[in-house]
Each structure stands twice: as C-alpha cells, then as structure tokens.
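Numbers here simply count residues along the sequence, with the first being 1.
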Amino acid sequence: MQPVTVGSIGVARQSGSPVNLLWPKRGVQLSVLSLACGVQVVPSFSVGNILQIVAIVMMVPALRLLGHDLVHYLAILAGIAIAPVPLLIMTSASPQWPQIPFFMLCATQLFICVRMAPFVDVRKELRIPVNAAGVILVVTALLESATNGGGLLTLYFQDKSHAAVAATCVSFLLLWVNESFLRMPFSVLVFFIAVATASRLVVFAAPFLAVAMLSSYAETRRRAGVAAMVYVHHLMLITVSILVVLLSNSEWASHLLERLSGTSAAGAVASHSTQGHIELAKLAAELKSQNLGVTVFGVGPGGFGDGIRDFGIDASGFGRYDPFGYQNLVNDYSFVPIHSVNLSLLVEFPVWVSVAFFVLWWRMGWRLWRNRNLPMLCMAGSLFSTTMFYSTHNEYLYTAALSVLCLSAFRDRSVVRVRREADAVLVLSKEM
C-alpha cells in the first residue's frame, strides 16, 4: 500500500494489479454505457448489445485474475452447460441453445468484476460513462415524447420494463459516481423517465431511491465548507422536492398512475398481469419438484416453457389471467419466462449455480452495508426487488448493473475506510 498525499492527508492506494486492466476497465465503462442504448438495430438486437459484446471481449484479459476461483468458475460454466440434460433425457424438448453461451458470458463478466474490484477505483472510472448514459436517456425520452403523441415511453428498448430497470439503475449510479449536489435533480429526472414507461416495477424502486437521495444529500451537506454552501444545499433539497411534485403531476407519470388505479381499464389489466405472474410462480415450483433430475440440474436456461408442456403440468390457472401467454405456452412457443429472476435461477439452473448466485447477492449486500455504501446498497435492494417480479436476467442490462454492484462491493475495505477518514478530516479542518 503506497500513500498518496492529498493536502496534509495521506490516502492509501492499492498495490498494482498483476494484470494490465486498461482494456478491462474500458470494457466495464462500455457495459455501463449500454444501459442507455436500447435502440434496436434489428429485432431483439440493440446498440447496447453491440456495446456489450465489445465490452466482454475487452474484459477477457482480466480472467488471469481468477487464480483459485478458476475451479469455481469452471464449475459454474459446467452447471450452465449441463442444465438442459433432464429435458434432453426425459422429454423431446430442444434446449434454448443460444441462452447457454449467453449465460456463460454473463457469469464470466461477474467473476471478472469481483476479481477486478480491489484494483479499480470504479467510482472514478464510471463517472463519465454514467453521466453520458443519463444524458442519452434524457435525450431519448424527449425525442420519443415528441414523436409518440404522449404515449408510453419505451426508450426504444424491446420492452418497456427493460427500459424501466435500466433507467432506474442509472438514476442510482448518478447519485453514486457524482459528488456535486446537482446529482440529485439529475437522478430524479432520469428516474421519472423510468416512471414514464408505466412499468410498475418503478414502484418497488422508489423507496430505495428516496433513501439514496437523502444519503447523498447528507454526504454533500457534510462536505459544505462555508455557510453559503449549506444554504445552497437546503435550497437544492427544496428544489428536488418541487421537481418531484411537478413530475408526479406530469404526463410522464399519468400512465403509471392509471395502471396503479384499480378502477381503470389499465388497472384491471395490470391486476390480471400480477395474478398471472403468481400463477407462473406456482408452475415454477411444481416444475422444480417434478423429479430428482430437475430438482438437482434444472431444465436449462429458458427451459421453463418446455418443462411445463413436456411434463404435462396443468397451466390452465395461468390461462385465466393471461390467455395470450397461455396460448404461447401450450402451442409450443418455447421461450416463456417465469417473470422472476430469482425463481428462474432456482428452477432453470443446477442447485450449485443457484446457490452461488444467492451467495453472491448476500456477500455483495453485506459488504455494501459494512462499507456504509448506502447509495449502492439501495441500488442493490432496488434491483433485487424489481427483478423478483420480472425476468431481466436474460437481458444483458441485468449483468451490467450487477457487475457495477460487484465492483463497488468488493473494493478493498481499507481504501474505503481511509478515504472516509480523510473526508472527515477535511470537514473538520474547514470547520476550524
């Protein structure tokens, strides 16, 4: 650990990485920028996907950091590869082959980011791409609003809920990477772009963002060195509150409020959708307990629909609430999602892959809490909650967001502590 003097304060720096991380760091930056690039080049393939492919290629040199984790990494890849075996042996279903390399790449990126974390000042590295993503989302939202006649925003993503999750993640990241109090109105604006998609997932994210916003306010307020800046912070908090009220009464929020209303037609459709998701969860539980092979190995990524059909599980309860989805399920439209990331990982993948996934979430959340990284802890809570009711894991944006959480959580705690102490000393010196 080599000290670097900032004023009269020594701030510890981590020793250098045994691997040149220049290109892997650029890969992480592209991965984050892809959160805002949902414009479709061709159906089911967006500008963001292009950035994601380039990003993972740029991260490959960092695989040399795995060390003893190489065995765990290979075990996860093997688990993803053999997950479809029960369906292949017991039924006539064909696995969703493209899903297998996709999830292998996602696992690769997560392993790399966990191992890169001690050597990367991720907050500094992501400042430009996160702010660029925020600007792209604002410009995209304004353009779409001007051309769609006041309808729902999709931000040109394939699905509005994907757009909502991506924009929500960017709103948290804006609070984290920036230090100025201006980050608060910027974050609120991007969050209301997510609201404009009318996806109900943003309702789960809103309380977490409110806590992160107050934490960011407290942080910048604590760093205010003169009385004038203290008053500016109070003014900014009032301004943000006014902005929230104005946006809540704008056309951007009206579609979501209509969907949340139990008395409107949109509200009735949304209610049926919720019931349909509950029925899918019941079907997932029944499929997982179908036999020992499925319980241990799963049915393969994207194999939920095949498993329901080929094992003859009655899905009529789901059909009462989602006739269109039911027809897709029974008419051999193979890729029918469970509409829950967590249930998908439990049902479609082997036991050890599922356990590794939830252990990663637990360790990540614990380290963020221990390091008192409240904005990113709130982002983690938001991502976990929203994807509890939506299958975002089969889109790369989920991996991109989870990668940033890993990079921030597994950063060396000693560096976090020393920098916090340095900030505290700076505040005291200003007050004196």
Side-chain angles (χ1 to χ4, degrees), residues 32-39 46 48 129-145 148 150-178 183-213 216 240 243-260 266 270 273 339 341 375-376 378-393 395-398 400-402 404-405:
V32 170
L33 191 61
S34 71
L35 288 170
C37 301
V39 178
S46 67
V130 167
N131 283 292
V135 171
I136 291 171
L137 288 172
V138 171
V139 172
T140 303
L142 292 174
L143 178 63
E144 190 176 8
S145 295
N148 71 353
L152 304 178
L153 295 186
T154 64
L155 305 176
Y156 304 108
F157 279 73
Q158 188 178 14
D159 184 278
K160 62 180 176 60
S161 291
H162 293 329
V165 172
T168 299
C169 287
V170 172
S171 68
F172 282 99
L173 291 175
L174 287 168
L175 289 176
W176 181 56
V177 301
N178 293 308
R183 60 186 169 171
M184 293 185 286
F186 195 5
S187 174
V188 167
L189 179 60
V190 171
F191 179 73
F192 270 90
I193 290 173
V195 169
T197 66
S199 171
R200 291 171 297 159
L201 298 179
V202 299
V203 175
F204 296 99
F208 292 101
L209 186 66
V211 173
M213 193 77 63
S216 299
V240 168
L243 182 61
V244 169
V245 172
L246 291 176
L247 289 173
S248 297
N249 289 280
S250 70
E251 189 174 6
W252 277 7
S254 62
H255 299 292
L256 176 61
L257 294 174
E258 185 179 0
R259 292 196 74 203
L260 294 175
S273 175
H339 283 288
V341 168
M376 294 305 282
C378 289
M379 177 179 165
S382 169
L383 185 64
F384 191 86
S385 300
T386 55
T387 56
M388 181 76 76
F389 305 99
Y390 196 70
S391 292
T392 315
H393 66 301
E395 294 290 330
Y396 194 86
L397 65 93
Y398 183 80
L402 196 55
V404 179
L405 288 169

What residues, two or more places apart in sequence or in another chain, satisfy side chain to side chain donor-acceptor pair (under 3.5 Å) together with Ser145? Trp252
Could you check whether any side-chain N or O of Ser187 sits under 3.5 Å from a backbone N or O of Arg183, counting only pairs where one atom can act as donor and the other as acceptor? no
Parallel, tilted or perpendicular, as decided by the 30° and 60° cut-offs, for the rings of His339 and Tyr390: tilted
Who are the side chain to side chain contact (heavy atoms under 4.5 Å, CB included) partners of Val138, not counting sequence neighbours? Leu142, Phe186, Leu189, Val190, Ile193
Taking all atoms of both residues into account, what is the closest heavy-atom pair of Pro375 and Ser216, and its distance? CG-OG, 4.2 Å
When rounded to the nearest 0.5 Å, the distance separating OG of Ser171 from CE of Met213 is 7.5 Å
Do Leu209 and Leu175 pass the side chain to side chain contact (heavy atoms under 4.5 Å, CB included) test, and can you show the C-alpha distance, the side-chain angles, and the key distance before you say yes or no? CA-CA 9 Å; Leu209 186 66; Leu175 289 176; 3.9 Å; yes
What heavy-atom pair brings Leu256 and Ala198 nearest, and what distance separates the two atoms? CD1-O, 3.7 Å
Glu144: what forms a side chain to side chain donor-acceptor pair (under 3.5 Å) with it, not counting sequence neighbours? Thr154
Residue list, side chain to side chain contact (heavy atoms under 4.5 Å, CB included) with Ser382, at least two apart or on another chain: Thr168, Phe172, Ala205, Phe208, Thr386
Test side chain to side chain contact (heavy atoms under 4.5 Å, CB included) on Phe192 and Val202 and set out the steps. CA-CA 9 Å; Phe192 270 90; Val202 299; over 6 Å; no
Residues two or more places apart in sequence or in another chain: which of them pass side chain to side chain donor-acceptor pair (under 3.5 Å) with Thr197? none
Tell me, please, which residues at least two apart from Ser199 pass side chain to side chain donor-acceptor pair (under 3.5 Å). Ser161
Do the non-hydrogen side-chain atoms of Met376 and Val404 ever get within less than 4.5 Å of each other? yes
